[in-house]
Amino acid sequence: AEMFGQLTTGLESAWNKLRGVDVLTKENIAEPMRDIRRALLEADVSLPVVRRFVSSVSEKTLGADTIKGVRPDQQLVKIVHDELVQLMGGEVSDLVFAKSGPTVILLAGLQGVGKTTVCAKLAFYLKKLGKSCMLVAADVYRPAAIDQLTILGQQVGVPVYSEGTEAKPPQITKNAVEEAKNKNIDAIVVDTAGRLQIDKTMMDELKEVKKAVNPTEILLVVDAMTGQEAAALVTTFNIEIGITGAILTKLDGDSRGGAALSVKEVSGRPIKFVGQGEKLEDLELFYPDRMAQRVLG
Ligand code: GDP
């Protein structure tokens, strides 16, 4: 199923009610606004976001700056489009690179969200940009995680830095930065341990790694399938460790898309990338305007 399929249909029923209408009024937009509200809620957009969104759209719809010569139903489409773009942060938020020395990209996230896969995808992305890259195995609790990263590194053709399961993540990461400096590597991507739920041990460890290496990017990897929860997760991680953005994975799955629409507004942090498949090339920058187009179908 296309992720926004249901949302697109729900929104269409809003403009369809304005077919043949000459001018937009408080009365004739009431029902379409209810349609928009319902469609967003059903797509797992978080409630406060839906409230603000609908109120802003109503206001603009009745505002003076309506466009001459454009049909009222088309005006609503345009207003919703522009509001969706704003909601998702307006502009694309690209990766930030360190001004000097290696760029350190720290990845955080719960278990199973696709963090290790994202490591490899990011390495692939960086290589395409012409940057040299190294992966760092800082998830020391699962030996399988180190093996998985090593195999992925081989697939992408980038080195993987590991000190096995005995060393501590802050020290491993610090040593990896040194190694990257010595070898003139542009960027390192650090895979950290995930847990089934947010817990203090995980947060403390991330804080220690952060303190040890002062990462350029701290990106939270979030599974889009978590729906409503995704925005809350980003908010919590941001308060706890101060993230620079989120990566939304599994957008090719059965998610209804709400996370893509809620994260920025609720957490103040942008979605930087979206993952939409298991292959290395299935990671793309998050473009709010393209995503808004997808929503509108
Ligand atoms: P981690 O525990 O967070 O490191 O998660 P993994 O990287 O091991 O991924 C968990 C599972 O999700 C694996 O089977 C991946 O192939 C799969 N996966 C990761 N990203 C995506 C994605 O964007 N789309 C789909 N369909 N599957 C993904």
Side-chain angles (χ1 to χ4, degrees), residues 1-5 44 95 105-126 128 133-156 158 160-162 165 169 172-173 176 188-199 201-203 205-206 209 215 217-227 229-230 233-234 236-237 240-241 243 245-261 263 271-287 290-291 294:
E2 162 62 10
M3 169 175 54
F4 292 126
D44 276 341
L95 271 185
I105 304 169
L106 180 64
L107 295 184
L110 299 180
Q111 220 170 76
V113 295
K115 190 157 23 72
T116 309
T117 309
V118 163
C119 281
K121 286 173 169 178
L122 270 179
F124 184 80
Y125 177 84
L126 289 162
K128 268 199 310 190
C133 170
M134 183 171 79
L135 298 177
V136 182
D139 177 357
V140 295
Y141 307 100
R142 293 183 308 137
I146 300 178
D147 297 341
Q148 191 190 350
L149 202 66
T150 306
I151 292 165
L152 288 168
Q154 277 164 4
Q155 269 174 29
V156 189
V158 298
V160 176
Y161 185 89
S162 157
T165 54
I172 296 172
T173 312
I188 66 171
V189 182
V190 185
D191 189 22
T192 61
R195 287 201 155 68
L196 287 176
Q197 279 163 315
I198 291 179
D199 71 22
T201 317
M202 172 172 62
M203 288 299 184
E205 187 174 287
L206 286 167
V209 174
E217 292 272 16
I218 303 177
L219 300 173
L220 178 69
V221 183
V222 183
D223 184 339
M225 306 284 277
T226 43
E229 273 302 299
L233 213 60
V234 178
T236 305
F237 270 84
E240 286 283 329
I241 55 171
I243 61 172
I247 298 180
L248 210 52
T249 60
K250 308 190 192 180
L251 275 185
D252 54 316
D254 275 334
S255 102
R256 287 176 280 185
L261 301 184
V263 163
I271 297 172
K272 291 209 166 190
F273 290 92
V274 289
Q276 8 209 15
E278 296 182 89
K279 293 199 295 293
L280 288 175
E281 58 271 28
D282 296 332
L283 183 79
E284 286 169 24
L285 278 171
F286 179 75
Y287 290 94
R290 288 187 204 166
M291 205 52 83
R294 266 176 79 176

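Both backbone and side-chain heavy atoms feed into the values below; hydrogens, waters and symmetry mates do not. Every number for a ligand or one of its atoms is a count from 1 in the order of the listing.
A pairwise comparison of heavy atoms in V274 and L285 identifies CG2-O, 4.5 Å as the closest pair. Across all non-hydrogen atoms, the minimal contact from I243 to I218 is CB-O, 3.4 Å.
The number of heavy atoms from other shown groups lying within 6.0 Å of CD (E281) is above 12. Taking a 6.0 Å sphere around CZ of R290, one finds it holds 12 or fewer heavy atoms contributed by other residues, nucleotides or ligands.
Under the side-chain hydrogen bond (donor to acceptor under 3.5 Å, both in side chains) criterion, Q154 pairs with no residue at all, not counting sequence neighbours.
Considering only heavy atoms from C-beta on, T116 stays 4.5 Å or farther from D139 through its side chain.
Within 4.0 Å of ligand 1, protein heavy atoms come from L110, Q111, G112, V113, G114, K115, T116, T117, K121, Q148, K250, D252, G275, Q276, G277, E278.
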